[in-house]
**Q** 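Next up is a structure, given as structure tokens.
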Amino acid sequence: MMNTTKPRQRVDRLYTSVMNGGLMPQKKKSKTRAFSFGDPEPVLGNQIGDYLGVFADMNGYWYLPPVSLAGLAKTLYANGTHASVLEFKQNQLLASVQDNPMITRAEFRGAFKDFEVFDNAYFLAIRNWLGGINRYVRLPAINVRVGTDDNYFLLQSDGSFLEYPASDIIHLNGGDIRQAIYGVPTYFAGIHSILLGEAATLFRRKYYLNGAHSGYILVTFDLDDDKADDIEQAIVQSKGPGNHRSLFLNMESTISGKPGYTKDRVQLLPVGDFGNRDEYDKIKEVTQQDILNMHRVPAGLASIMANNAAGHGDLKNVREVYYDCETIPKQAIWQELNERLLTRGRVVFKEPRWLHIKEI
């Protein structure tokens with residue numbers, strides 16, 4: 001008689017554990033954790049673009065400037081194109097101003113820079129013991145305040161101040177349609193383009209410096225707390241903070257709500273586009289053009305490389321047009337000082353040498 005009983009097979013304990021829904025040996029559960037790394041670091045605040053109005057300081061001695069002078073000074077170092085263009089405009093005046101027996105070229109150079117950055121320039125009359133004026137010196141515009149009682153104040157670094165009568169100060173005010181006490185630079189309207197260009201540069205710089213530059217979520221499963229701590233510390237200390245935030249998660253793996261092995265114990269989940277997420281080149285090109293437009297300086301004169309084969313055209317013609325439209329009017333503004341300067345200290349500009357060079 002044939003034996004129809006099936007042979008018994010030994011069932012592995014692991015198989016039994018699978019059938020019972022338990023794939024892992026019992027151990028202390030790892031706690032779910034999450035931390036972020038790579039926080040962006042703002043360099044300049046948004047308060048620079050705020051128009052404050054003109055009000056007397058709480059001490060009642062002087063009027064507060066309508067915009068942050070310290071903020072305007074910071075923009076000079078925030079964007080290379082902006083700083084270069086202001087330097088170019090300063091040099092155009094410095095190259096054409098004649099030597100002055102009462103104002104040195106060093107004083108002119110500082111005053112030209114003050115006016116381009118702050119739209120204000122100040123000269124202090126240095127008098128002799130008889131009350132006559134020997135010379136004029138430039139006062140840094142960032143520290144000068146217009147007084148409320150026909151006077152001016154020069155703020156010192158230690159918190160003190162020096163007071164001068166209005167008769168000893170010559171103030172070149174670029175003008176503002178909202179008030180007549182301080183000048184406000186025209187480029188103030190494009191301050192956000194300056195800051196956007198700076199932000200794009202810092203963004204790209206941190207993109208390369210930061211090892212977590214791509215921006216991702218690092219997920220691990222079932223690591224004990226010690227190993228998770230080691231990974232967390234290693235990621236944080238591997239590279240400096242960057243613009244793209246990254247996230248590390250360690251959690252207990254589950255299948256259908258029950259403890260179980262996850263297929264991929266370590267997962268790297270990218271966030272966004274790895275390639276052109278910041279559109280750096282486009283942002284830099286647009287902001288650079290905005291800066292040139294608001295300063296009204298041709299790209300060829302600002303040492304900007306041309307993007308096409310035609311280049312910037314005949315730079316001699318561009319130079320002449322710029323001189324007629326920008327340099328001569330700016331010289332006329334500076335010659336407004338002559339209404340208060342002594343005759344021998346009058347501001348005089350000479351014609352550029354290229355006007356007298358004949359074409360061969």
**Q** When rounded to the nearest 0.5 angstrom, what distance separates CG in L196 from CD in Q288?
**A** 12.5 Å

**Q** Can the ring centres of H171 and F123 be said to be less than 6.0 Å apart?
**A** no

**Q** Yes or no on ring-ring contact (aromatic ring centres under 6.0 Å, His included) for F153 and Y164, after CA distance, side-chain angles and deciding distance?
**A** CA-CA 6 Å; F153 293 89; Y164 301 102; 8.8 Å; no

**Q** Taking all non-hydrogen atoms of both residues into account, name the closest pair between S68 and G71 and its distance.
**A** OG-N, 2.9 Å

**Q** State, without any angle test, whether E198 and N79 hold a side-chain donor-acceptor pair at a distance under 3.5 Å.
**A** no

**Q** Take Y187 and L72 through the side-chain contact (heavy atoms from CB on, under 4.5 Å) test and state the conclusion after the steps.
**A** CA-CA 10 Å; Y187 72 80; L72 293 178; 3.9 Å; yes

**Q** Would you give the length of the straight line joining atom CD of Q289 to atom CD1 of I304, rounded to the nearest 0.5 angstrom?
**A** 9.0 Å

**Q** Can V144 be reached from I181 by stepping across I, L, V, M, F, W or Y side chains whose heavy atoms are under 4.5 Å apart?
**A** yes

**Q** Determine, step by step, whether K113 and E87 satisfy the salt bridge (charged side-chain N to carboxylate O under 4.0 Å, His left out) criterion, reporting the C-alpha distance in whole Å, the side-chain angles of both residues, the deciding distance to 0.1 Å, and the verdict.
**A** CA-CA 8 Å; K113 176 63 71 68; E87 189 81 10; 3.2 Å; yes

**Q** Between D114 (side chain only) and A141 (backbone N and O only), is there a donor and an acceptor less than 3.5 Å apart?
**A** yes

**Q** Does R346 offer a backbone N or O that forms a donor-acceptor pair with the side chain of N100 under 3.5 Å?
**A** yes

**Q** Checking R105 side chain against V97 main chain: does a donor-acceptor pair fall under 3.5 Å?
**A** yes

**Q** Out of curiosity, D119 CG to N173 CG, how far, rounded to the nearest 0.5 Å?
**A** 7.0 Å

**Q** When you group the ILVMFWY residues by side-chain heavy-atom contacts below 4.5 Å and let the links chain together, are Y122 and L341 in the same group?
**A** no

**Q** At what distance, to the nearest 0.5 angstrom, does CD1 of I328 lie from CD1 of I333?
**A** 13.0 Å

**Q** Any idea which heavy atoms bring A111 and A121 closest together, and the distance?
**A** O-CB, 3.9 Å

**Q** Going hydrophobic residue to hydrophobic residue with side-chain gaps under 4.5 angstrom, can you get from V348 over to I170?
**A** no

**Q** With ring-ring contact (aromatic ring centres under 6.0 Å, His included) as the test, pick out the partner of F112 among W334, F88, F118.
**A** W334

**Q** When you check the gap from the basic side-chain N to the acidic O, do R145 and D57 get nearer than 4.0 Å?
**A** no

**Q** Under 3.5 Å, side chain of T75 to main-chain N/O of A78, donor-acceptor pair present?
**A** no

**Q** Evaluate the side-chain proximity of F349 to Q335: yes if any heavy-atom separation is below 4.5 Å, no if none is.
**A** yes

**Q** Does atom CD (Q98) have a neighbourhood of more than 12 heavy atoms from anything else shown, all under 6.0 Å?
**A** yes

**Q** Got a donor-acceptor contact below 3.5 angstrom from the T287 side chain to the I283 backbone?
**A** yes

**Q** Just wondering, are more than 12 heavy atoms of other shown residues or ligands nearer than 6.0 Å to CG in L130?
**A** yes

**Q** Determine the minimum heavy-atom distance between L315 and G300, stating which atoms define it.
**A** CD2-CA, 3.9 Å

**Q** Is a side-chain donor or acceptor of Y182 paired with a backbone partner of V146 at a separation under 3.5 angstrom?
**A** yes

**Q** Could you tell me whether a side-chain N or O of N120 sits under 3.5 Å from a main-chain N or O of G183, the two making a donor and an acceptor?
**A** yes

**Q** Verify whether the ring centers belonging to W62 and F161 lie closer than 6.0 Å.
**A** yes

**Q** Just so I know, are the side chains of I194 and M294 near enough to count as touching, which here means a heavy-atom distance under 4.5 Å?
**A** yes

**Q** Carefully, step by step, assess T81 and L292 under the rule side-chain contact (heavy atoms from CB on, under 4.5 Å).
**A** CA-CA 8 Å; T81 303; L292 294 178; 4.2 Å; yes

**Q** Identify whether I126 and L172 are in the same connected component of the hydrophobic contact network (ILVMFWY, side-chain heavy atoms under 4.5 Å).
**A** no

**Q** Can you check side-chain contact (heavy atoms from CB on, under 4.5 Å) on I103 and R135, steps first, answer last?
**A** CA-CA 6 Å; I103 306 175; R135 58 192 176 93; over 6 Å; no

**Q** Side chains of Q331 and S96: does their closest heavy-atom pair fall under 4.5 Å?
**A** yes

**Q** Under the criterion side-chain contact (heavy atoms from CB on, under 4.5 Å), I'd like the reasoning laid out for Q92 against Y322: C-alpha separation, chi angles, the key distance, then a yes or no.
**A** CA-CA 10 Å; Q92 296 305 299; Y322 180 83; 4.2 Å; yes

**Q** Checking N151 side chain against D149 main chain: does a donor-acceptor pair fall under 3.5 Å?
**A** yes

**Q** I need the T148 OG1 to F55 CZ distance, nearest 0.5 Å.
**A** 15.0 Å

**Q** Given side chains that start at C-beta, do those of D150 and P165 come closer than 4.5 Å, heavy atoms only?
**A** no

**Q** Would the distance check show the side chain of R340 and the main-chain N or O of I169 forming a donor-acceptor pair, the cut-off being under 3.5 Å?
**A** yes

**Q** Between atom OG1 of T327 and atom CD of E320, what is the distance when rounded to the nearest 0.5 Å?
**A** 12.0 Å

**Q** Is it the case that atom CZ in R319 sees more than 12 heavy atoms from other parts of the structure closer than 6.0 Å?
**A** yes

**Q** Check K330 with E116, please: is the shortest side-chain N to carboxylate O separation under 4.0 Å?
**A** yes

**Q** Report yes or no: does N338 contribute a side-chain atom to a donor-acceptor pair with the main-chain N or O of V347 at less than 3.5 Å?
**A** yes

**Q** With a 4.0 Å cut-off, would you call E326 and K89 a salt bridge?
**A** no

**Q** Indicate if L69 and L86 have the same hydrophobic cluster label, given that clusters are the connected sets of ILVMFWY residues with side-chain heavy-atom separations under 4.5 angstrom.
**A** yes

**Q** Could you check whether Q179 and D176, counting side-chain N and O atoms only, form a donor-acceptor pair closer than 3.5 Å?
**A** yes

